[in-house]
Novice: 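Sharing a structure below in structure tokens format, with a few things to ask.
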Amino acid sequence: MTSRFSGWSLLLGGLSGQRRWREQWRAAAPKRGYDAIIVGGGGHGLGAAYYLAKQHGIRDVAVLEKGWIGGGNTGRNTTIIRSNYLFAESSALYDHAIRLWETLSQELNYNVMYSPRGVLMLAHNVHDVQVAQRHIHANHANGVDNEWLSPRQAQEFCPPLNISGSLRYPVLGGALQRRGGTARHDAVAWGYARAASALGVDIIENCEVTGLQRDANGAICGVATTRGTIECGRVGVSAAGHSSVVLQMADVRLPLESFPLQALVSEPVKPIMPCVVMSNTIHAYVSQSDKGELVIGASTDAYTSYTQRGALHVNLHTLEAICELFPAFRRLRMLRNWGGIVDVTPDRSPIIAKTPVPGLYVNCGWGTGGFKATPGAGHLLAWTMAHDAPHTLNAAFTIERFRDGTLIDEAAAAAVNH
Amino acid sequence: MLVIPCPYCGPRPELEFSYGGQAHVLRPAAATNPDPAGWNAFQYERANTRGLHAERWRHVHGCARFFNVIRDTTTDEVLRSYRSGEK
Ligand SMILES: Cc1cc2nc3c(=O)[nH]c(=O)nc-3n(C[C@H](O)[C@H](O)[C@H](O)COP(=O)(O)OP(=O)(O)OC[C@H]3O[C@@H](n4cnc5c(N)ncnc54)[C@H](O)[C@@H]3O)c2cc1C
Ligand SMILES: [Zn+2]
């Protein structure tokens, strides 16, 4: 059993040379069958397993992860959290997640380092200003905080920002969501894994799902994996960039395409960047991690791919924008870059829903922006699986909305143009 | 960056091209087939292939023509290209 973290346990751990820490979750081997299986051990899937056990009393659960938990987009993203989306359905969905973030460290007894340091989204032309104002008004109507800052106020909030009028795309102001911020990506996966494992959930790594098995009525009755067949009548797929690959195993076609998305970090420096800054028009987003690295997100590549790497020119493009906005960063060296595979829907909104196959559920389509939703997505996938029906918060996020024309078109609200 | 063999101009860097998505997606005949499932498939459903993928590219900063490419989406290796209407 893992012990609870407290001030005392950390102190004792320090005094004993940090040698007494135990494994934080059980490394489980697959059983013959489970009440529920989650495919994909990212934050979303681990969160879903935790909420199934914690809120719905469904503890006979396995999370199947083909690599190591958190090794997908959860461990590769730039961790920006915000909820200032345009439409009522989306702002309710993302704000639900922010409310869970606010108490997540206490809930899990694990420090996920949620830091609401503010997300500032810049405007560089008349169109940007109008779009930002429209978002601010829509957000207020939906009870979500978002406020307009003049260029001078923006610079007061973020001192390294260049607001000189001589920029090719000068800063005309920005929309600030103060409750937005960042969290520690790995800690989110580990915290959910630890808490779920303590409730009886089996976390099974190096276990790739290779088939979805159906009974005579077409309902799900198990999964084939690289570690053998496992019986199960209820399967939730939360495989991010690979969700369409997994669902095709049950002949479910999804409106998804998978693209590489890259990020990079600089060498670590002392605190210089107090908040998150994003710019859609010139494509830049940057924050500073607690280790001191500047964390920079690039664009998606133009083409679909599963390679978890992208082209260098994509990174160069974003660095040009960063150097213009933050002249002080020009001398920093970049330390590492990497890519993840993101699953993008045509309306840039996620799918958290039942599928046409009884017993098969899906949480996908979060594309370039699902880290911020991790607690909410996990909570809602668990709810949908436990009730065999969606929660009111995810009722609109169906697969059928594309057929029915009820899109939730957040393309313009993605904050950066990918 | 990919090197893409334009069937008209030869191999050129990816920056000269724009991506046109999955190739050979057939548009349902509107007058005869108003079936919503068919339109949904045409508009939104894509194979999202993990493996050999037939896709359209356009040589926007060159001959400006559309053509097709076979690329392995697990390695990004471009295997070959062919003109529209060919196989
Ligand atoms: C570079 C980059 C920057 C990003 N920046 C942000 C950001 O700033 N803010 C934000 O909100 N979002 C951001 N995102 C998006 C965010 O990372 C994702 O939306 C989110 O992490 C998805 O969570 P997940 O748990 O579904 O995915 P993942 O962590 O990818 O989990 C899915 C898991 O499924 C596993 N899997 C796949 N196939 C199988 C199989 N057949 N069997 C078993 N397991 C399988 C994978 O190995 C993976 O571990 C970014 C993404 C990238 C790549
Ligand atoms: Zn050409």
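Lettering of chains follows the sequences in order, A, B, ..., and the numbering in each one begins at 1.
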Novice: Is it true that atom CZ of Arg80(B) has more than 12 heavy atoms of other residues, nucleotides or ligands lying nearer than 6.0 Å?
Specialist: yes

Novice: At a heavy-atom separation under 4.5 Å, does Gln43(B) approach chain A through its side chain, its backbone, both, or neither?
Specialist: neither

Novice: Just verifying a value: how many Å separate Glu45(B) CD and Ile399(A) CD1, rounded to the nearest 0.5 Å?
Specialist: 9.0 Å

Novice: Parallel, tilted or perpendicular for Tyr303(A) and Tyr19(B), by the 30°/60° rule?
Specialist: perpendicular

Novice: Checking side chain to side chain donor-acceptor pair (under 3.5 Å) against Tyr306(A), which of Thr75(B), Thr74(B), Asn48(B), Thr73(B) comes through?
Specialist: Asn48(B)

Novice: Near Tyr82(B) OH, under 6.0 Å, is it more than 12 heavy atoms from other residues, nucleotides or ligands?
Specialist: yes

Novice: Does any heavy atom of chain B fall under 4.5 Å from the side chain of Gln308(A), the backbone, both, or neither of them?
Specialist: neither

Novice: Tell me, side chain or backbone of Leu407(A) under 4.5 Å from chain B's heavy atoms, or both, or neither?
Specialist: side chain

Novice: Report the option among Val314(A), Ile341(A), Leu256(A), Leu312(A) that has the most heavy-atom pairs separated by less than 4.5 Å from atoms of chain B.
Specialist: Leu256(A)

Novice: Does any N or O in the side chain of Arg71(B) come within less than 3.5 Å of the main-chain N or O of Thr304(A), such that one atom is a donor and the other an acceptor?
Specialist: yes

Novice: Under 4.5 Å heavy-atom distance to chain A, tell me which part of Thr49(B) shows up: side chain, backbone, both or neither.
Specialist: backbone

Novice: Please round to the nearest 0.5 Å and tell me the distance separating atom CD of Glu257(A) and atom CZ of Arg46(B).
Specialist: 6.5 Å

Novice: Of the non-hydrogen atoms in Ala47(B) and Arg253(A), which two are nearest, and what is the gap between them?
Specialist: N-NH2, 4.1 Å

